[in-house]
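Let me begin by presenting the structure, written as structure tokens, before commenting on it.
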There are 2 protein chains.
Amino acid sequence: MVSSRQTQSIRLVWEVFDRSDNAFSVVELVQMHKDSMNKTTVYRILDRFEKEGKLHTFLGKNGLKWYAKCNNCSSKQHIDIHPHFQCNECGKVECLSIDVKIPKVAKHHIEQANMLLLGQCDECVV
Amino acid sequence: MVSSRQTQSIRLVWEVFDRSDNAFSVVELVQMHKDSMNKTTVYRILDRFEKEGKLHTFLGKNGLKWYAKCNNCSSKQHIDIHPHFQCNECGKVECLSIDVKIPKVAKHHIEQANMLLLGQCDECVV
DNA sequence: TTATATTTGCAACCAAGTTGCAATAAGTGG
DNA sequence: CCACTTATTGCAACTTGGTTGCAAATATAA
Ligand SMILES: [Mn+2]
Ligand SMILES: [Mn+2]
Ligand SMILES: [Zn+2]
Ligand SMILES: [Zn+2]
């Protein structure tokens, strides 16, 4: 279901993404809002933002869910599919605006390619 | 820790992989051995096989852990890194022997690229 | 066959995520 | 400004995948 009311909690969660272009894990998001709302609420709001095309999600290296702002997506479709990077040192996650060409596989129909790059980020690289 | 004894349980878990080139989720593996061993044992044996370079693991579309046979890996290193495919219809997972060239990202050091392709497998494609 | 160290079972635990339902609070119209 | 309707939230309980500590079992070397 898509949000139809502008609540305090919705504003608070959105602010985090509005102020930064980083990706945030669901664990961070629950943690940073733990004094102002229930974790269920955080999960539900993130869910709605995704359905509305405001945020997109992907899985980090341990299968943890991450959220980041969308560009030009809508409740109709998510169009900004791109690879993500996660730093093995500090754990930070970034959206990468590079194109991955989807490989062809005989007799298969490929709909989507999820790519997660692992390594050291600009702050952790030696 | 690497196996130093050949037990019944170890033999049973290995047989599954020996008989097929499929990938198996940890959930399937626990399920199929539930009458002959404890789930903890399954987890521990899979763990050892990975450390020994007999199996490699990766995450499927819901963050679930999957295991598949290695080719020419050892306890020293896993060398057969490749993309995986998961069918959106039947859930089946396959190792793909295709090369993915690792993209360069400015100021980052990329160590590894995990790629998961999603779509319809040969049996589910229309 | 015995000794020893590895492996296993079990029960309890943990973390991420979900559900049902009652309470609360946006938004609407009067 | 007030009442009403219904979306949203809090809460507690639950589910699932995965881990841990420790005592019991068992593979192997002597
Ligand atoms: Mn992204
Ligand atoms: Mn594989
Ligand atoms: Zn870093
Ligand atoms: Zn299929």
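We name chains A, B, ... by the order of the sequence lines, and we start the count at 1 in each one. Note that this is a predicted model, so its numbers are computed, not measured.
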Next item on the list: Grab the CG-C1' distance between B:Leu64 and D:dT16 for me, whole Å please.
Entry: 10 Å

Check: Once you round it to whole Å, what is the distance between C1' of D:dT19 and CG of A:Asn62?
Finding: 14 Å

Check: Counting any heavy atom closer than 4.0 Å, what does A:Ser36 reach on the DNA or RNA strands: base, sugar-phosphate only, or nothing?
Finding: sugar-phosphate

Note to self: Determine whether a donor-acceptor pair (one donor, one acceptor, N or O, separation below 3.5 Å) exists between the side chain of A:Arg44 and the base of C:dG17.
What the structure shows: no

Check: Can the ring centroids of B:Phe17 and B:Phe24 be said to lie less than 6.0 angstrom from one another?
Finding: yes

Next item on the list: Measure from CG on B:Asn38 to P on C:dT8 and round the result to the nearest Å.
Entry: 10 Å

Checklist line | Verdict with reasoning, A:Glu111 to B:Asn88, per side-chain hydrogen bond (donor to acceptor under 3.5 Å, both in side chains) | finding: CA-CA 9 Å; A:Glu111 292 175 329; B:Asn88 280 325; 2.7 Å; yes

Margin query: Please tell me whether B:Phe85 and A:His108 form a close aromatic pair, meaning their ring centres lie under 6.0 Å apart.
Written below: yes

Notebook entry, point to check: Do any side-chain nitrogens or oxygens of B:Ser4 fall under 4.0 Å of OP1 or OP2 in C:dT7?
Noted result: yes

Notebook entry, point to check: Under 4.0 angstrom, heavy atoms only, what part of the nucleic acid is B:Gln8 near: base, sugar-phosphate, or nothing?
Noted result: nothing

Item checked: N/O (side chain, B:Ser9) to phosphate O (OP1/OP2, C:dT8) under 4.0 Å -> yes

Item checked: D:dT6 base / A:Arg5 side chain donor-acceptor hit below 3.5 Å -> yes

Notebook entry, point to check: Phosphate oxygens OP1/OP2 of D:dT8: is one of them under 4.0 Å from a side-chain N or O of A:Thr7?
Noted result: no

Note to self: How many whole angstroms separate atom NZ of A:Lys65 from atom C1' of C:dA15?
What the structure shows: 16 Å

Next item on the list: Considering just the side-chain nitrogens and oxygens of B:Arg48, establish if one lies under 4.0 Å of OP1 or OP2 belonging to C:dT8.
Entry: yes

Note to self: Measure CG/A:Asp47 against C1'/D:dT8 and give the value in whole Å, please.
What the structure shows: 14 Å

Checklist line | Atom pair distance, as rounded to whole Å: CG in A:Leu12 and P in D:dT8 | finding: 16 Å

Check: 5'-most contact on DNA chain D: B:Leu59 or B:Arg11, nearest heavy atom basis?
Finding: B:Leu59

Next item on the list: Mind checking A:Val30 for me? I need base, sugar-phosphate or nothing, with any heavy atom below 4.0 Å counting as a touch.
Entry: nothing

Next item on the list: Flag the pair A:Phe49 / A:Trp14 as yes when their ring centroid distance falls below 6.0 Å, and as no otherwise.
Entry: yes

Notebook entry, point to check: Any side-chain donor paired with an acceptor under 3.5 Å for A:Glu50 and A:His78?
Noted result: no

Next item on the list: Name the closest nucleotide to the A:Met37 side chain, picking from C:dG17, D:dG10, C:dC10.
Entry: D:dG10

Item checked: A:Glu28 CD to C:dG17 C1', straight-line distance once rounded to whole Å -> 17 Å

Check: A:Lys39 or A:Ile45: which one's nearest nucleotide on DNA chain D is closer to the 5' end?
Finding: A:Ile45

Next item on the list: Figure out the NZ/P separation between B:Lys34 and D:dT16, and round it to whole Å.
Entry: 14 Å

